[in-house]
There are 2 protein chains.
Amino acid sequence: MKSDLQISQETDLEPIIEVASKLDLKEDDLELYGKYKAKINFSGINRSKDNAEGHLILVTSINPTPAGEGKSTITVGLGDALNKINKKSVIALREPSLGPVMGIKGGAAGGGYAQVLPMEDINLHFTGDMHAITTANNALSALLDNHIHQGNELNIDARRVIWKRVVDLNDRELRKVIVGLGGPIQGVPREDGFDITVASEIMAILCLAADLEDLKARLARIVVGYTFDRQPVTAGDLKAEGALALLLKDAIKPNLVQTIYGTPAFVHGGPFANIAHGCNSILATKTALRLADYVVTEAGFGADLGGEKFLDIKVPNLKKAPDAVVIVATIRALKMHGGMKKDELKNENLDALKIGFANLKRHIRNMEQYQLPVIVAINEFVTDTDSELTLLEHLCEDQGILAKRASVWANGAEGGVDLAEAVVRLIDRKEADYKPLYLLEETIQEKTETIVKKIYGGNGVVFSKKAQKQIEEFMKNGWDNLPICMAKTQYSFSDDPSLLGAPEDFTITIREIIPKVGAGFLVALTGDVMTMPGLPKKPAALNMDVTNDGEVFGLF
Amino acid sequence: MKSDLQISQETDLEPIIEVASKLDLKEDDLELYGKYKAKINFSGINRSKDNAEGHLILVTSINPTPAGEGKSTITVGLGDALNKINKKSVIALREPSLGPVMGIKGGAAGGGYAQVLPMEDINLHFTGDMHAITTANNALSALLDNHIHQGNELNIDARRVIWKRVVDLNDRELRKVIVGLGGPIQGVPREDGFDITVASEIMAILCLAADLEDLKARLARIVVGYTFDRQPVTAGDLKAEGALALLLKDAIKPNLVQTIYGTPAFVHGGPFANIAHGCNSILATKTALRLADYVVTEAGFGADLGGEKFLDIKVPNLKKAPDAVVIVATIRALKMHGGMKKDELKNENLDALKIGFANLKRHIRNMEQYQLPVIVAINEFVTDTDSELTLLEHLCEDQGILAKRASVWANGAEGGVDLAEAVVRLIDRKEADYKPLYLLEETIQEKTETIVKKIYGGNGVVFSKKAQKQIEEFMKNGWDNLPICMAKTQYSFSDDPSLLGAPEDFTITIREIIPKVGAGFLVALTGDVMTMPGLPKKPAALNMDVTNDGEVFGLF
């Protein structure tokens with residue numbers, strides 16, 4: 001069986017200028033990064049501003065399990081299949097983070113014959129967006145600590161700085177650190193910590209900004225900490241937003257690449273789906289919508305986490321709701337939700353599948369609450385039996401939902417044609433009538449409770465003493481009308497990662513709320529949320545190599 | 001008076017493909033980064049391998065002062081002037097570091113009408129080389145700390161880790177830190193610190209590597225720390241070199257840009273000139289030599305520091321010595337060396353100039369020790385009087401050295417024609433007969449003493465107890481045959497920055513020696529050497545801005 005990297009390396013890529021021409025983009029609309037990558041420049045973005053918008057397809061999934069669900073793979077394969085049936089389509093994906101690539105994953109750009117290419121570049125430095133975000137994030141830290149060191153005119157309480165530094169690596173050693181040691185000329189000692197770059201608020205801001213002006217305004221609103229009298233201090237107070245926007249002026253431009261089948265793909269932005277909203281950039285999605293008839297995009301983690309945030313945070317910023325929602329499921333993952341262990345999954349087990357279906361069912365009902373048409377994509381694995389596949393189709397049918405098998409990993413575009421045709425028919429019925437889950441003017445407590453009850457299926461929310469105090473404070477600061485960005489485990493509807501399937505009778509505890517005023521949401525932390533992953537005992541990096549001619553090994 | 005940024009923005013750039021064609025490079029030899037930047041790919045580098053090499057011109061200077069000496073400006077202007085007199089020329093410069101750009105400088109790519117362009121890009125993320133080096137450096141840190149955390153098979157003593165993390169920013173707060181706090185699942189607590197990226201050994205390695213194979217071999221030789229029984233541990237022991245080389249596979253390719261006059265310029269690599277050797281990359285300089293008849297390149301700081309290292313560290317790796325050495329001096333800076341204060345420099349003062357000439361004179365004699373022909377470039381300022389300029393010319397003449405005025409900052413290529421013609425004549429005399437200052441087989445003490453006595457004009461060297469112990473240890477490890485990379489203040493021949501001119505009767509104390517076995521040199525630290533600058537009270541960043549259309553402000 002060929003690895004993703006081998007398949008990628010065997011593919012003859014089209015020059016990106018030709019890929020762009022499929023979207024009526026001219027060479028002058030592009031900033032080339034080699035032959036096969038480009039950014040769309042501002043003139044390219046602006047030229048399309050009056051175009052009618054195409055149809056938006058949101059790909060989301062059941063709660064992820066170690067068995068894998070293949071959401072990106074389906075997203076890519078569906079885009080390829082739509083083009084195969086002569087629908088002008090574009091894929092809009094997130095950029096992978098180098099941390100997980102060097103750690104466990106080795107790569108993340110779809111899989112098999114449903115990949116975005118060149119996968120080596122996309123998985124390594126790509127067009128430098130992550131680095132620009134890292135630099136902007138850390139420049140703000142340097143300016144902040146320098147301000148405190150050089151006299152602290154703003155009266156910032158160094159113990160109440162909430163802005164952390166970032167690296168785009170998995171580096172547990174940096175989770176909790178003390179900085180500024182060494183005496184008075186080396187800065188002000190304080191506790192600090194590093195997050196992974198994709199957890200930076202600047203990543204979320206870049207992905208939600210409408211343009212450079214909006215980016216700058218959002219950057220200025222970032223809350224970096226508090227004064228000794230507990231007033232919020234912003235990046236704007238530090239006069240940092242101009243320099244930060246300057247550092248991000250190219251990173252904000254959408255990246256264009258292609259799939260194995262030459263389908264145009266915007267791969268741009270990649271905020272965490274727990275501490276942030278987990279979708280690719282507004283600017284990429286918007287530009288894609290103006291250039292194509294169908295745009296296939298994905299949300300992070302499962303529909304309870306990434307899907308909910310796509311619909312309640314991204315959609316209002318995008319000013320466009322999905323015309324259809326595709327929920328990706330696999331027989332294997334549903335069987336895990338039904339109680340099977342990972343190493344038994346190759347065995348047929350209809351009972352486990354039936355039990356595990358409860359997870360998918362709840363996600364279906366959830367998406368329907370937004371008044372959006374739903375379809376299930378069964379991402380096929382070789383170990384799936386026909387009885388299992390048929391059973392899952394029937395279970396969905398019983399819910400009034402169409403389920404379509406897709407074998408895009410093994411068969412590429414051809415393997416997604418059934419799904420693509422069904423999605424087009426679904427959109428043609430024009431049933432989408434987006435309705436938000438909650439209203440922004442509701443209280444922080446109400447909005448959080450709505451998510452927990454209506455999406456997670458929980459009984460209610462417990463706010464810690466700290467969170468209650470924060471809510472009062474946030475009301476005074478005028479932040480209470482922001483949407484809620486839940487930071488919860490992706491593995492369960494509940495805040496306990498071991499509760500698979502469709503758990504009931506649980507409450508969710510909100511430990512702390514983090515204001516992301518620049519991004520424009522409040523992060524509600526449930527339990528411990530990891531914002532800096534660690535490396536495993538044998539990191540993927542140890543198998544990576546490159547020859548003298550630049551041939552790459554160890555990405556997969 | 002126009003700012004550098006304004007001049008840059010008013011210039012009509014040639015497409016980089018056309019600039020490349022002047023060097024007989026084809027489009028297939030390039031990896032484009034937009035229209036005006038490109039990397040030369042491996043096929044481009046290899047295609048030129050059998051070409052005869054052109055002439056190499058090293059631009060160095062007197063000891064820098066706050067008055068400014070304009071070495072990069074002369075380097076650029078000389079390259080432009082050589083092309084103007086129909087000599088096929090290329091400029092090979094270092095890349096600026098974002099830290100100083102955001103801190104004090106606001107930009108560093110020549111000045112006035114002697115600039116490399118597009119200056120905004122070169123001064124910000126450029127082609128991502130700095131970010132790739134930052135990432136590779138910090139990936140090694142993460143792999144190292146993960147190894148210790150995950151069982152420490154190599155028996156690494158966490159107290160004796162010498163590999164530091166880096167950021168490409170001025171951030172004093174990170175100079176001394178404690179990492180790994182928070183309990184047993186958050187890593188192993190230890191003291192650590194961050195350097196600025198240009199101080200990373202990986203930057204030095206990238207600049208000295210002949211190709212990707214050599215890069216990987218050097219990366220494997222990096223010493224990251226010591227075991228509990230004091231044996232060195234390398235990046236190769238951690239099996240990290242493949243991943244690091246992979247992260248650097250594009251960064252190692254030379255960057256091609258252009259000057260205001262369309263002269264091709266390789267701007268690639270930028271190691272610190274104190275903790276490292278301070279020259280642009282071997283691969284860029286080598287490729288430039290194979291593609292042009294004249295290559296103008298610069299060394300960091302003054303001729304005592306950057307010049308010496310160019311000749312004793314870079315030249316043996318480059319396997320090519322300069323055909324001529326240009327020493328840049330200004331009337332202003334020499335008057336400071338002669339005792340004048342900065343705010344008096346606009347006044348004519350022939351006596352101060354005469355006294356300050358001692359600094360230039362020693363640098364001239366030093367460069368002649370390498371048996372290389374020397375010429376002085378007087379970088380003109382509007383405040384220079386004709387008497388001062390004439391006096392300096394006569395003082396040089398008395399030393400048997402030609403001095404030529406250059407006004408490239410104000411007048412561009414035209415302002416460098418006299419200098420260019422003189423340099424060509426000097427090279428045509430073929431007097432260069434490079435002789436190294438010392439032999440590698442000499443002891444560490446002998447090599448260091450040779451530099452101090454023959455270049456600095458000092459009486460001798462004092463090795464601290466720690467340094468003496470290190471020398472013994474390094475001999476056991478077989479590192480004593482490496483060249484010495486002096487880390488000394490750039491402001492004085494001595495290790496006291498306040499001793500301007502040509503101080504005598506001093507000794508140099510070597511406090512500590514840092515093995516940079518991957519780069520292939522031993523850094524001898526004299527006094528405190530700053531490897532992480534801080535920001536000033538009003539950082540340049542606070543004046544930076546970008547409009548919604550991407551227009552840039554605040555770089556200068």
Side-chain angles (χ1 to χ4, degrees), chain A residues 31-34 42 98 102 124-125 128 131-132 135 138-139 141-143 145-146 149-151 167-182 186-188 211-213 239-240 242-243 245-247 249-250 534-535 537 539 541-542 544-550 552-554, chain B residues 31-34 42 98 102 124-125 128 131-132 135 138-139 141-143 145-146 149-151 167-182 186-188 211-213 239-240 242-243 245-247 249-250 534-535 537 539 541-542 544-550 552-554:
Chain A
E31 288 170 13
L32 297 178
Y33 285 68
F42 294 129
L98 202 49
M102 304 296 282
L124 295 171
H125 308 290
H131 295 316
T135 305
N138 294 346
S141 293
L143 290 169
D145 278 314
N146 187 59
H149 174 76
Q150 301 272 9
V167 290
D168 190 23
L169 289 167
N170 289 7
D171 193 349
R172 75 169 61 71
E173 191 78 5
L174 294 177
R175 283 177 191 154
K176 281 174 200 260
V177 303
I178 296 175
V179 296
L181 297 173
Q186 320 283 17
V188 177
D211 53 26
L212 264 175
E213 265 322 296
K239 300 188 173 48
L246 180 58
L247 287 169
K249 76 177 172 63
D250 294 313
L535 288 171
K537 180 144 189 171
L542 303 190
M544 293 179 183
D545 205 357
V546 60
T547 67
N548 209 24
D549 305 324
V552 169
F553 294 91
Chain B
E31 289 170 12
L32 296 178
Y33 284 68
F42 294 129
L98 202 49
M102 305 296 282
L124 295 171
H125 308 290
H131 296 315
T135 305
N138 294 346
S141 293
L143 291 168
D145 278 314
N146 187 59
H149 174 76
Q150 301 272 10
V167 290
D168 188 24
L169 289 166
N170 289 7
D171 193 348
R172 75 168 64 70
E173 192 78 5
L174 294 177
R175 283 177 191 154
K176 282 174 200 260
V177 302
I178 296 175
V179 295
L181 297 173
Q186 321 282 17
V188 177
D211 54 24
L212 263 175
E213 266 321 297
K239 299 187 173 49
L246 180 57
L247 287 168
K249 78 177 172 61
D250 294 313
L535 288 171
K537 181 143 188 174
L542 302 192
M544 293 180 183
D545 205 356
V546 60
T547 68
N548 208 24
D549 305 324
V552 170
F553 293 92

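Naming: A, B, ... by sequence-line order, numbering from 1 per chain.
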Can you list the steps and then say if A/Leu212 with B/Val546 is a side chain to side chain contact (heavy atoms under 4.5 Å, CB included)?
CA-CA 8 Å; A/Leu212 264 175; B/Val546 60; 4.1 Å; yes
Would you check, one step at a time, whether the test side chain to side chain contact (heavy atoms under 4.5 Å, CB included) holds for A/Leu143 with B/Leu542?
CA-CA 9 Å; A/Leu143 290 169; B/Leu542 302 192; 4.1 Å; yes
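Between the CD atom in A/Gln186 and the CZ atom in B/Arg175 there is a gap of 5.0 Å [rounded to 0.5 Å]. Distance check, rounded to the nearest 0.5 Å: CD of A/Gln150 to CG of B/Leu535 gives 8.0 Å. Distance check, rounded to the nearest 0.5 Å: CD of B/Glu213 to OG1 of A/Thr547 gives 7.5 Å. The CG atom of A/Leu32 lies 6.0 Å from the CG atom of B/Leu32; values are rounded to the nearest 0.5 Å.
The two residues B/Arg172 and A/Asn146 make their nearest non-hydrogen contact at NH1-OD1, 2.7 Å. When all heavy atoms of B/Ala243 and A/Met102 are compared, the pair lying nearest together is CB-CE, 3.8 Å. Of all non-hydrogen atoms in A/Leu246 and B/Phe553, the two that sit nearest each other are CD2-O, 4.2 Å.
Chain B forms more heavy-atom pairs under 4.5 Å with one residue of A/Gly182, A/Ala142, A/Gly187 than with any other, namely A/Ala142. Residue with the most contacts toward chain A among B/Asp545, B/Leu181, B/Asn548: B/Asn548 (heavy-atom pairs, distance under 4.5 Å). Of the listed residues (A/Ala240, A/Gly534, A/Gly550, A/Gly128), the greatest number of heavy-atom pairs within a distance under 4.5 Å of chain B belongs to A/Gly550.
Residues that satisfy the side chain to side chain contact (heavy atoms under 4.5 Å, CB included) test with A/Thr135, not counting sequence neighbours, are A/Leu247, B/Leu98, B/His125, B/His131, B/Leu169.
Only the backbone of B/Asp549 comes within contact range of chain A, judged by heavy atoms closer than 4.5 Å. Both the backbone and the side chain of B/Val179 come within contact range of chain A, with heavy atoms under 4.5 Å apart. Of the atoms belonging to A/Phe42, it is side-chain heavy atoms, and not backbone ones, that fall under 4.5 Å from chain B. Proximity to chain B (any heavy atom under 4.5 Å) is restricted, for A/Leu124, to the side chain, taken from C-beta onward. Using a 4.5 Å cut-off between heavy atoms, B/Asn170 touches chain A through its backbone atoms (N, CA, C, O) alone. For a residue to count as touching a neighbouring chain, one of its non-hydrogen atoms must lie under 4.5 Å from one of that chain's; by this rule A/Asp168 does not touch chain B.
More than 12 heavy atoms of other residues, nucleotides or ligands shown are found within 6.0 angstrom of NZ on A/Lys249.
Between the side chain of B/Glu173 and the backbone N or O of A/Val188, at least one donor-acceptor pair lies under 3.5 Å.
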